[in-house]
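All remarks here apply to the structure that follows.
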2 protein chains.
Amino acid sequence: MPTSEPKSRKNDPETTKQDILAVATEEFAAYGLAGARVDAIAERTKTSKRMIYYYFGGKEDLYLAVLERSYRSIRVLESNLGLGKLSPVDALRRLIESTFEYDEKNPDFIRLVAGENINRAEHIRRSTLLRDVNTSIITTLTEVVRRGREDGSFKRDIDPIDLHMMISALCIFRVANRYTFGALFRRDMLDPTLTDTHRAMTCEMIIGYMTSEGGDAPLCLTGAA
Amino acid sequence: MPTSEPKSRKNDPETTKQDILAVATEEFAAYGLAGARVDAIAERTKTSKRMIYYYFGGKEDLYLAVLERSYRSIRVLESNLGLGKLSPVDALRRLIESTFEYDEKNPDFIRLVAGENINRAEHIRRSTLLRDVNTSIITTLTEVVRRGREDGSFKRDIDPIDLHMMISALCIFRVANRYTFGALFRRDMLDPTLTDTHRAMTCEMIIGYMTSEGGDAPLCLTGAA
DNA sequence: GTCTATATCCCGATAGAC
DNA sequence: GTCTATCGGGATATAGAC
């Protein structure tokens with residue numbers, strides 16, 4: 001058996017790296033960058049702590065690799081929704097529902113982003129790769145908004161980044177703030193019996209906004225002080 | 001001068017404690033519980049590290065005291081809005097706008113909450129005081145929703161906690177995720193030129209939802225696949 | 001490429017005088 | 001109530017053999 005065929009070996013570098021990344025994602029999501037422990041990551045990995053430094057350099061480099069992998073995952077998923085074949089309203093609804101489901105199923109990603117905001121995004125800022133990966137969602141939304149304006153279904157002239165902000169806000173909040181809400185108001189926002197209600201609220205709020213007319217004081221302000 | 005009048009002394013306990021709390025709020029908001037340094041807090045205080053342990057017991061107790069002070073601040077503000085004198089729609093708008101302004105002006109509070117969610121709210125959960133303090137916002141919203149349903153201006157039968165969730169989501173997101181958004185999309189969500197746009201979007205989205213009719217497929221689904 | 005053992009630093013908490 | 005000096009635990013990172 002020639003040594004030039006490493007793929008038959010039990011532990012090839014790529015598998016080891018992916019194993020480390022998967023475990024590190026959970027640890028960083030669970031405790032944040034400052035709270036995460038390299039020892040804890042190594043312990044749950046098939047390999048050793050030395051290998052983490054060997055492959056990734058250090059704790060912060062590993063953390064950045066985790067962020068890059070996580071962002072790529074959601075952006076790839078969004079790009080495969082086939083929104084171009086749908087009407088603008090249906091495309092928007094499909095994007096909102098996909099985001100809603102993805103966020104609910106991937107709390108680790110939400111927690112990573114929350115942690116990186118605590119860090120004032122100083123690690124994301126160092127990565128041009130992350131910026132490139134994330135352009136796709138804005139490109140997608142720009143096209144949906146353009147088509148909706150063109151066929152008249154969207155009445156609002158909105159910046160696509162602001163639309164992304166509103167979708168993200170409503171989908172992320174119930175995951176990101178699940179614990180404080182649960183502790184303060186005794187209501188688990190991820191309780192399965194609430195999913196349909198929350199998804200419908202999210203869709204109707206955003207689509208309702210996009211498809212309705214706006215104005216200076218559009219809503220029942222007559223007679224107010 | 002009798003010693004029973006301590007208010008004339010330069011350093012009375014209450015002032016010292018408030019000084020510590022103010023500095024600790026900034027430190028915990030800036031770095032989270034795990035990332036915050038007791039030494040850093042002590043350095044920027046008028047007093048010493050020893051006094052932090054003397055008054056508060058330890059790092060985690062100080063952190064909890066900071067959380068209690070911060071939550072009390074926003075809940076007191078909300079309670080003084082005089083919403084009972086306004087129509088349901090105007091009351092809702094006033095509450096949304098107040099929340100929007102408060103969150104924008106108090107990023108430290110938003111960051112504290114985000115950090116506590118990283119901690120899975122395990123500190124908030126230990127405090128019955130925090131739960132009591134936070135009931136007021138739900139009481140307030142319950143009353144607004146009840147009146148709006150009664151006079152017919154609100155068409156949706158919404159759980160007040162869910163309404164609070166939606167208001168919080170839209171107002172908090174642009175502050176909580178300011179840094180990752182800025183780094184990824186090159187748009188500072190707190191840029192002063194965006195404030196009016198975002199506030200109007202937030203109000204119209206929520207009030208528009210509450211005052212419009214809902215249904216299974218209420219929005220332009222005719223002809224869709 | 002992989003392991004164990006360890007160097008080095010940093011931080012929370014405390015001792016003990018005044 | 002306030003200060004300075006320091007202890008002790010634990011974390012990141014590395015050394016060095018195989």
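Because the structure is predicted, anything quoted here is derived from the model rather than measured. Proteins get letters first, then strands, A, B, ... in listed order; numbering begins at 1 in each.
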*For A:I20 and C:dG1, what is the distance between atoms CD1 and C1' respectively, to the nearest whole Å?*
11 Å

*Side-chain N or O of B:S48 less than 4.0 angstrom from OP1 or OP2 on D:dG1?*
no

*Could you state the CD-P distance from A:E14 to C:dG1, rounded to the nearest angstrom?*
11 Å

_In this structure, how many angstroms lie between the P atom of D:dG1 and the CG atom of B:D19, rounded?_
15 Å

*Measure from OH on B:Y55 to P on C:dA13 and round the result to the nearest Å.*
19 Å

*Salt bridge present between A:E101 and A:R199 (N-O < 4.0 angstrom)*: yes

_Within 45° cone and under 6.0 Å: B:R156 NZ/CZ vs B:Y209 ring_ = yes

*Atom OH of B:Y54 and atom P of C:dA15: how far apart are they, to the nearest Å?*
15 Å

*Would you please indicate if the ring centroids of A:H198 and A:F100 are separated by under 6.0 Å?*
no

*Separation of D:dC3 C1' from B:E43 CD (nearest whole Å)*: 15 Å

*Is B:Y31 near enough to C:dC11 that one of its side-chain N or O atoms lies under 4.0 angstrom from OP1 or OP2?*
no

*Between A:H123 and A:Y63, what is the ring plane arrangement, given parallel below 30°, perpendicular above 60°, and tilted in between?*
perpendicular

*In plain terms, say whether B:R146 and B:E143 are close enough for a salt bridge, that is, a side-chain N and a carboxylate O under 4.0 Å apart.*
yes

*asked:* Testing the 3.5 Å rule here: is there a donor-acceptor pair between the side chains of B:R75 and B:N134?
replied: yes

*Where protein sits on nucleotides 8-18 of chain D, one letter per nucleotide: B base, S sugar-phosphate only, - none, heavy atoms under 4.0 Å*: ---SBBBBB--

